[in-house]
Structures are given as structure tokens and as C-alpha cells.
Amino acid sequence: MLRIADIKKDKKRIIAGLAKKRVENAREVIEDLLMLDEQRRHTQAELDSVLNESKTISKQIGALMKAGDREGAEQAKQQTGALKARSKSLQEQLRNIEEKLIRRLYNIPNAANEKVPEGATPEDNVVVLEHGAVPQLPEGALPHWELIEKYDIIDFELGNKITGAGFPVYKGKGAKLQRALINFFLHEAEKAGYLEIQPPVIINSDSGYGTGQLPDKEGQMYGIVDSDLYLIPTAEVPITNLYRNVIMKDEQLPVMNVGYTPCFRREAGSWGAHVRGLNRLHQFDKVEIVQIRKPEESYQALEEMCVYVEGLLEKLELPFRKVLLCGGDLGFTSAITYDMEVFSAAQNKWLEVSSISNFETYQANRLKLRYKTTEGKTELLHTLNGSALALPRIVAAILENNQSGEGIRVPEVLQPYTGFDAID
RNA sequence: AGAGGGUUGGCGGAGUGGUCGAACGCGGCGGUCUUGAAAACCGUUGUACCGAAAGGUACCGGGGGUUCGAAUCCCUCACCCUCUGCCA
């Protein structure tokens, strides 16, 4: 979340960043917050002085008792009654104010970075890079949901029986293709210097608050009955939270982690007729890269992460484009996000397969993730993450783009991982 | 799952109601000494909030309570260890 100190120091920029993100009445929201903080400080100061007074008397009572002056001690006790009542009520007030303050802070999104373009909807996103030729498909080319039936590699009906819509069952070469992609992505990340992490796929609410899924996206996560736990919507949550409440040493930075996990999303409200096949699922696999950087390095790191993901797509021979999200399309916690989209030829559609974001200090502030500067000051770090990559849409694009009368060609880089060169 | 024992500063470890934010040791930092280093000695060494500063307040696993006063007593939750049981 945003820091009051930063808001005070940089009010104009933050209001502009929130407005860009389409926060209504950004100025009022911020002014309100500052007023509330002012109240907090007043109450705190008053409380402190009352506590100080009563502590002083307590110490005197201690001294009197020691000296054997019981009467004096009893007398001094009389004085504390009023102070006690006063401090109780101030404490109550302070708690109320702080609760209000934190609730508001939790519900204010990150401010958009200066580089983020204005705009309200995905139509306002800016395509910054296109790569690869759109493939020419043969006559009678099929969308992936028909291909998977034809070659019997993914079964949605079976998934319906076991769980419900959006939980596909992968079979035979379909399952192997999944496993191959996961291994390929992990292997590439390792070569690029990322440390592999296998985190829990169930998180507690502290973790959810740490990275910002809570309270904002409570309805998008699957909760575990009779507990304070949730299924992860992305590996970002458990991996970034590894560093919650940590003051990093210089030699531990930068952090570069990669993790494969299944991801679980309710996708409430985003289901529709246009969402077919693998385009949107409740459970899917994803390899995620996470970086933790010093503030001055984070934008360089963001670029490097983009280049890394572009490399993966190139190796998979998929035509893609890189999109800079406009303010209105940015995620709650993100300061800036690039989406990578692959072209899915039979659907004639761009599919988002990666989202690469810099959260600046927004998550770090919630996480209390800090480092010591060379001057010995404790400062917040920047967190970043990106999908590298999300599997289902990659599978969709591979199936659609590589189809021919004889079957589906497996991209060359994947063949060592699949052990076969075609699905037929 | 049952019984018992624990959780104190970067680490180890005292402290069982009154100047305790916390002895002592280790580690870290600064200095003296040294050609340099080690050793020895001296000093310093948690985090957050308020304050221009002086200083104040909070924090001894989390939350609540008793008390003029809680690291210390009570309740509750979490986690760890040991033994018993069960299990991939």
C-alpha cells in the first residue's frame, strides 16, 4: 500500500497516478487520508503524554512502597484513576482512527507510474512491439477446442464430472505437452539465473494481504472451508511472501526466483460465451518469475524480464506482441504492467500469456520488505513479477498455429522435453 | 490426535510483579595499540511512531485480562520441541 510519508512528500504525483488509474475523486481520497493521519498523530501525542504521566506516578508508587510509606503510596494511587480512564478512551479513539486509516489504505490501489498511458479500457493499451509473422493456416483449420477433441489430448467433460467447468483433464500427449512446457520454462529460467522455488499452493490471509490480493480480490480466490486459508491464484503470492517481514542484506540482492505452481481462480463475473476451451480456466499451470530489487534498479529489471519472456516466445516460434497497459486496465497493486500476447491463428485473436509488472514499493510496504542502504538507512525494496509463462493459452496457440492435415507439429525446442515431434 | 516442555534483541542465554528496552557472552561497528594483522583494552550496537530538538510512547510469539505498575500473574490462539498413537 501507499505510504503516508510518500503521499505527503509527493502528493501531486500520487494523485495524478491514482487519477490515471481511474480512482474516483483521487484528490479527495488523498486529502481525507491526510486528515485522518493528522488526527491519528494528535491522538497519539495526547495518549503518549497521558501514559507518560501515569508511568511517572507508577514509578513513584514503587519508590514509596520500597521506602515503606504505604500511606503515601495509597495517596498516589488515587491520582491514577482519572489518568487511566483518559488513556483508555484515547487508546480506544486511536484504535478506531488507525483501523479506519488502514482500511482506507488497503483499498487505495497503487499509483500508476509516469510512463503509463492514459486510458480507461484495453482499447487504450499501447502496442509497443510486434514480433513474428502470423501463420497461414491450411483450409479447414480448427480452433484448439476442436483440435483437443480430435486428438483426444484434453478432456473438459471428464473435468466437469470431477470438479466442474474450467477444470480440464489432460491426457496422453496433452499431459506430456504440459509437463514439457513446465520443464522447458523452469530450465530456461534457471539458465537465466533464477532460483527455483516450490512453494505451498495454499496461503493464509496475511500472505494474501502482503501481495494485495486481499482485501481487493477476495472474491477471486477459492477459500478453504473452516479456515483462514486460500488456494493461490498465482505463485506470486507465496513466493513474494517468502520475503515478508525481512530486512535483506546487500549480498542477498537482487532476488530472482522462479516457481511452477497450479493457479486457482474463481473468475467470477468474467465468464461468457466468448470464453471457450483453454482461454479461461479455474485451474491452470503457470511458471512465474519474481524479482526483488533496489528501487534504482527496478525499471532496468522490468525491461530485462520482458526481454526474457520475449525470448521464450521466440523459442516457441509464436508470433507475439508486447502491450503497455493503460491506467484504467492496470491491476490494483501494479505501478506499470506489460502484457505479452500471442497470436492464436485459428481464433484470429491475441491471447494474453504473460503479465509483467513492477509494484515499486506498494507490496513491499505491506510486506515490510526492506534493505539497508549504504548509509545504514532502512528502505523499502521494489517487487516485480511476470508470468514465464502461463500454460493454457500457450498450448492453445501451439495447437492452432502448428496444425496441418497430418497433425500438430511440436516446436523444436520442446521436442527434447516432450519426446515426440508431433501430435497426431 | 493425546500428554508434557518451550517461544526473550543478529545469535546464545539471564530475568518470575517496581527506574527492565531488558544482565552476561558471541557476533557487528568505531577507536587505542601495531609496519600490517591477530590478541588485548575502551566505546558503541534493535524496530516503529510522535517531535525542529531535548525527549516521549509502543514492542520480550499474536490477541485479551488482572494491577497504581507486567517480559514476569491469568485467559486464549499460533508455532516449536519431546514422548505416545496414526499415516503417504
Side-chain angles (χ1 to χ4, degrees), chain A residues 1-9 33-106 198-210 214 223-230 238 241-253 361-381:
Chain A
M1 59 198 163
L2 298 174
R3 267 189 311 187
I4 299 282
D6 290 338
I7 296 175
K8 280 193 207 157
K9 204 168 60 196
L33 201 69
L34 291 180
M35 251 159 61
L36 208 54
D37 181 59
E38 186 70 28
Q39 266 182 56
R40 195 203 97 236
R41 281 172 17 236
H42 271 278
T43 312
Q44 174 80 257
E46 206 177 336
L47 209 213
D48 283 359
S49 87
V50 171
L51 284 176
N52 178 233
E53 207 174 321
S54 99
K55 267 176 82 162
T56 307
I57 293 173
S58 286
K59 279 179 189 167
Q60 282 167 5
I61 292 173
L64 289 169
M65 301 280 267
K66 215 169 233 169
D69 185 355
R70 289 192 66 96
E71 198 151 310
E74 284 307 318
Q75 236 164 39
K77 278 191 197 180
Q78 305 304 313
Q79 297 176 55
T80 60
L83 285 173
K84 214 181 165 187
R86 182 99 187 95
S87 77
K88 264 232 155 73
S89 112
L90 281 168
Q91 229 142 26
E92 184 71 19
Q93 269 181 55
L94 185 66
R95 201 175 24 221
N96 284 338
I97 294 169
E98 279 178 339
E99 212 171 275
K100 223 160 142 185
L101 196 61
I102 193 107
R103 206 170 40 235
R104 295 214 189 157
L105 279 169
Y106 271 134
Q198 213 175 90
V201 298
I202 293 178
I203 51 142
N204 56 30
S205 63
D206 282 350
S207 298
Y209 276 98
L214 292 175
I224 311 273
V225 177
D226 288 337
S227 76
D228 181 38
L229 306 172
Y230 301 84
N241 271 282
L242 297 176
Y243 305 94
R244 172 151 44 91
N245 250 314
V246 172
I247 297 177
M248 300 292 283
K249 295 203 181 74
D250 222 55
E251 59 269 26
Q252 296 175 285
L253 294 169
T361 58
Y362 191 90
Q363 290 183 330
N365 187 211
R366 289 192 178 191
L367 293 160
K368 298 206 191 324
L369 165 52
R370 296 164 294 176
Y371 75 113
K372 284 233 192 285
T373 62
T374 43
E375 299 92 61
K377 279 183 75 182
T378 310
E379 295 283 1
L380 293 175
L381 284 157

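Quick note on labels: first sequence line is chain A, next is B, and so on, each numbered from 1.
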In whole angstrom, give me the gap between the C1' atoms of B/U16 and B/C74.
14 Å
Name the nucleic acid region contacted by A/S58, choosing base, sugar-phosphate or nothing; use a 4.0 angstrom heavy-atom cut-off, strictly under.
base
For a side chain to side chain contact (heavy atoms under 4.5 Å, CB included) check, start with the C-alpha distance between A/R104 and A/L101, then their side-chain angles and the critical distance, and finish with the verdict.
CA-CA 5 Å; A/R104 295 214 189 157; A/L101 196 61; 5.8 Å; no
Using the ring pair (Phe, Tyr, Trp, His ring centres under 6.0 Å) rule, collect all pairs that involve residues 75-106 of chain A, keeping only residues at least two apart or in two chains.
A/Y106-A/Y209
Base partner of B/U57, which must satisfy Watson-Crick or wobble distances under 3.5 Å
B/A48
Please measure how far the C1' atom in B/A70 lies from the corresponding atom in B/G17, and state the result in whole Å.
6 Å
Write down the partner of B/C24 under the Watson-Crick or G-U wobble criteria, each distance required to be under 3.5 Å.
B/G12
Integer angstrom distance from the C1' of B/G21 to that of B/C49
16 Å
Please output the side-chain donor-acceptor pairs of residues 80-87 of chain A that fall under 3.5 Å, not counting sequence neighbours, one pair per line with the distance.
from, atom 1, to, atom 2, distance (Å)
A/T80, OG1, A/K77, O, 2.7
A/R86, NH2, A/E46, OE2, 2.2
A/S87, OG, A/K84, O, 3.1

Non-hydrogen side-chain atoms of A/I202 and A/I224 separated by less than 4.5 Å
yes
Can you tell me how far P in B/A3 sits from the matching atom in B/U76, rounded to whole Å?
13 Å
Between B/G9 and B/A58, how far apart are the C1' atoms? Round to whole Å, please.
16 Å
Partner lookup for B/C29, please. Criteria are Watson-Crick or G-U wobble with both distances under 3.5 angstrom; report none if nothing qualifies.
B/G43
List the steps, then state whether side chain to side chain contact (heavy atoms under 4.5 Å, CB included) holds for A/R370 with A/L381.
CA-CA 5 Å; A/R370 296 164 294 176; A/L381 284 157; 5.8 Å; no
Complementary nucleotide for B/U34 - Watson-Crick or wobble, under 3.5 Å:
none
Atom P, compared across B/G65 and B/G51: separation rounded to whole Å:
28 Å
With no hydrogens and no angle check, do the side chains of A/S207 and A/N204 hold a donor and an acceptor under 3.5 Å apart?
yes
Reckon A/R95 touches a base, only the sugar-phosphate, or nothing at all at heavy-atom distances under 4.0 Å?
sugar-phosphate
Once you apply a heavy-atom cut-off of 4.0 Å, does A/L51 come out as touching a base, just sugar-phosphate, or nothing?
sugar-phosphate
If you assign each of A/K77 and A/N52 to its closest nucleotide in RNA chain B, which residue comes earlier from the 5' end?
A/N52
Would A/L2 and A/Y362 count as a side chain to side chain contact (heavy atoms under 4.5 Å, CB included) here? Give the steps.
CA-CA 6 Å; A/L2 298 174; A/Y362 191 90; 4.2 Å; yes
Atom P, compared across B/G56 and B/A22: separation rounded to whole Å
12 Å
With nearest nucleotide decided by heavy atoms, which residue, A/I247 or A/T80, maps closer to the 5′ end of RNA chain B?
A/I247
Taking any strand in view, what nucleotide pairs with B/U72 in a Watson-Crick or G-U wobble way, both distances under 3.5 Å?
none
Sticking with atom C1', work out how far B/C60 lies from B/A14, rounded to a whole angstrom.
13 Å
Hey, are the side chains of A/D37 and A/I7 touching, using non-hydrogen atoms and a 4.5 Å cut-off?
no
Can you give the first and last nucleotides of RNA chain B, 5' to 3', that have an atom under 4.0 Å from a heavy atom of chain A?
B/G18 to B/G69
What is the base-pairing partner of B/G4, counting Watson-Crick and G-U wobble geometry with both distances under 3.5 Å?
B/C81
